[in-house]
**Q** 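This structure is in structure tokens; I'll ask about it shortly.
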Amino acid sequence: MDYREELVSSNRLKQANEILKRGKVKDALSLYADIIEEDPENPLVYYNMGVAFVEREDYDLARQVFSHCLKLGLENCQVYIGLGICSLHFSENEKALEYFEQVQPTEPSYKEALIGKVYAYLNKDDPQKAMGVLDELKGLNIWNQELSLMERKAKWTLYSQKEKDKD
């Protein structure tokens with residue numbers, strides 16, 4: 001692909017991403033598919049297509065597309081977060097944790113990986129580890145209503161486990 005073709009492909013990808021941001025998932029997916037026909041080795045197109053599949057809640061296709069990104073060499077923290085989200089949907093909590101662990105603290109999306117870890121630990125009934133990650137989020141000055149609710153759930157699970165142990 002020469003420079004002009006790459007530029008056209010890049011502009012079409014931006015256009016597809018804008019369409020996706022406006023909530024027109026089906027139209028964006030159609031445009032991503034067209035771009036892939038012309039440039040089948042571009043991992044960014046597959047990544048954005050994966051995001052669109054997550055938006056559509058088609059986690060199986062999202063996982064396939066994100067995995068293809070890795071095969072094409074795009075080892076990006078966002079790809080790992082996408083795979084982690086898909087794994088959470090399928091209740092594959094250990095696998096989700098493995099993906100979220102790939103995101104380093106220096107990455108801008110590290111907080112997303114931490115939030116994913118909290119979900120995975122809560123799903124696994126491991127409130128102690130969930131609390132540890134929630135404390136890390138607090139230490140990073142990241143806190144919101146969703147995290148507060150997750151903390152309550154973790155505390156309640158800890159309390160329930162202690163009560164069971166008493167019996």
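Keep in mind that the numbers below use all heavy atoms, side chains included, and drop hydrogens, waters and symmetry copies. In this text, all values refer to a predicted model and were calculated from it rather than measured experimentally.
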**Q** Run the salt-bridge test on R56 and D58 with the 4.0 Å N-O cut-off and return the result as yes or no.
**A** yes
**Q** Any non-hydrogen side-chain atom of E112 less than 4.5 Å from a side-chain atom of I115?
**A** no
**Q** Apply side-chain contact (heavy atoms from CB on, under 4.5 Å) to I142 and L114, showing your working.
**A** CA-CA 10 Å; I142 298 166; L114 290 176; 5.8 Å; no
**Q** I need the full list of salt bridge (Lys or Arg N to Asp or Glu O under 4.0 Å) pairs touching residues 156-165, with sequence neighbours left out, sorted by first then second residue.
**A** E163-K166
**Q** Salt bridge check: are E98 and K95 linked by an N-O gap of less than 4.0 Å?
**A** no
**Q** For the residue pair K129 and K124, establish whether any side-chain heavy-atom pair is separated by less than 4.5 Å.
**A** no
**Q** Within the structure provided, determine whether S148 and W143 are in side-chain contact (heavy-atom separation under 4.5 Å).
**A** yes
**Q** Within the structure provided, determine whether I81 and Y99 are in side-chain contact (heavy-atom separation under 4.5 Å).
**A** no
**Q** Listed by chain and number, what are the ring-ring contact (aromatic ring centres under 6.0 Å, His included) partners of F90, not counting sequence neighbours?
**A** none
**Q** With the threshold set at 4.0 Å, does a side-chain nitrogen-carboxylate oxygen contact exist between K26 and E55?
**A** no
**Q** Quick one about N11 and Q15 (side-chain donor to acceptor, distance below 3.5 Å, no hydrogens or angles considered), yes or no?
**A** no
**Q** Is there a side-chain contact between K155 and P127 in this structure, where contact means two heavy atoms from C-beta onward sitting under 4.5 Å apart?
**A** no
**Q** Do you know which two heavy atoms are closest between A52 and L29, and how far apart they sit?
**A** CB-CD2, 3.5 Å
**Q** Minimum heavy-atom separation for L13 to L44, with atom names?
**A** CD2-CB, 4.0 Å
**Q** Within the 4.5 Å heavy-atom criterion, are R22 and E18 side-chain neighbours or not?
**A** yes
**Q** Closest approach of Y59 and I85, non-hydrogen atoms and distance?
**A** CE2-CG2, 4.1 Å
**Q** Count I, L, V, M, F, W, Y as connected when their side-chain heavy atoms are under 4.5 Å apart, and connections chain through other members. Are W156 and L122 then in the same cluster?
**A** no
**Q** Distance alone, cut at 3.5 Å: any donor-acceptor contact between the side chains of Y32 and N17?
**A** yes
**Q** Take V65 and Y47 through the test side-chain contact (heavy atoms from CB on, under 4.5 Å) and record every step on the way to the result.
**A** CA-CA 7 Å; V65 174; Y47 167 75; over 6 Å; no
**Q** Enumerate the salt bridge (Lys or Arg N to Asp or Glu O under 4.0 Å) contacts for residues 135-148, please, sequence neighbours excluded, ordered by first and then second residue.
**A** K138-E151
**Q** How long is the gap from NZ on K111 to CG on L140, to the nearest 0.5 Å?
**A** 10.5 Å
**Q** Go through the side-chain N and O atoms of E75 and Y80 and say whether any donor and acceptor fall under 3.5 Å apart.
**A** yes
**Q** Which heavy atom of A62 sits nearest to which heavy atom of V54, and what is that distance?
**A** CB-CG2, 3.7 Å
**Q** With rounding to the nearest 0.5 Å, note down the distance linking CE in M49 to CG in N42.
**A** 11.5 Å
**Q** Supply the atom-to-atom distance H68 NE2 to Y46 OH, rounded to the nearest 0.5 angstrom.
**A** 4.0 Å
**Q** Between L70 and L83, is a side-chain contact (heavy atoms from CB on, under 4.5 Å) present by the stated rule, with each step listed?
**A** CA-CA 10 Å; L70 294 177; L83 286 165; 3.6 Å; yes
**Q** Closest heavy-atom contact between Q161 and D125?
**A** NE2-O, 3.4 Å
**Q** Could you go through L134 and Y121, starting from their C-alpha distance and side-chain angles, then the distance that decides it, and tell me whether this counts as side-chain contact (heavy atoms from CB on, under 4.5 Å)?
**A** CA-CA 11 Å; L134 286 164; Y121 286 131; over 6 Å; no
**Q** Working to the nearest 0.5 Å, report the span between OG of S87 and CD of E92.
**A** 5.0 Å
**Q** Below 4.5 Å, heavy atoms only, C-beta onward: do L20 and N48 meet side chain to side chain?
**A** no
**Q** So do the side chains of Q78 and S109 get within less than 4.5 Å of each other, counting heavy atoms only?
**A** yes
**Q** Indicate the atoms forming the closest heavy-atom contact of A130 with A154, along with that distance.
**A** CB-CB, 4.4 Å
**Q** Atom CG of N76 and atom CD of Q102: how far apart are they, to the nearest 0.5 Å?
**A** 12.0 Å
**Q** Measure the spacing between CE of M131 and OG1 of T157 and express it to the nearest 0.5 Å.
**A** 10.5 Å
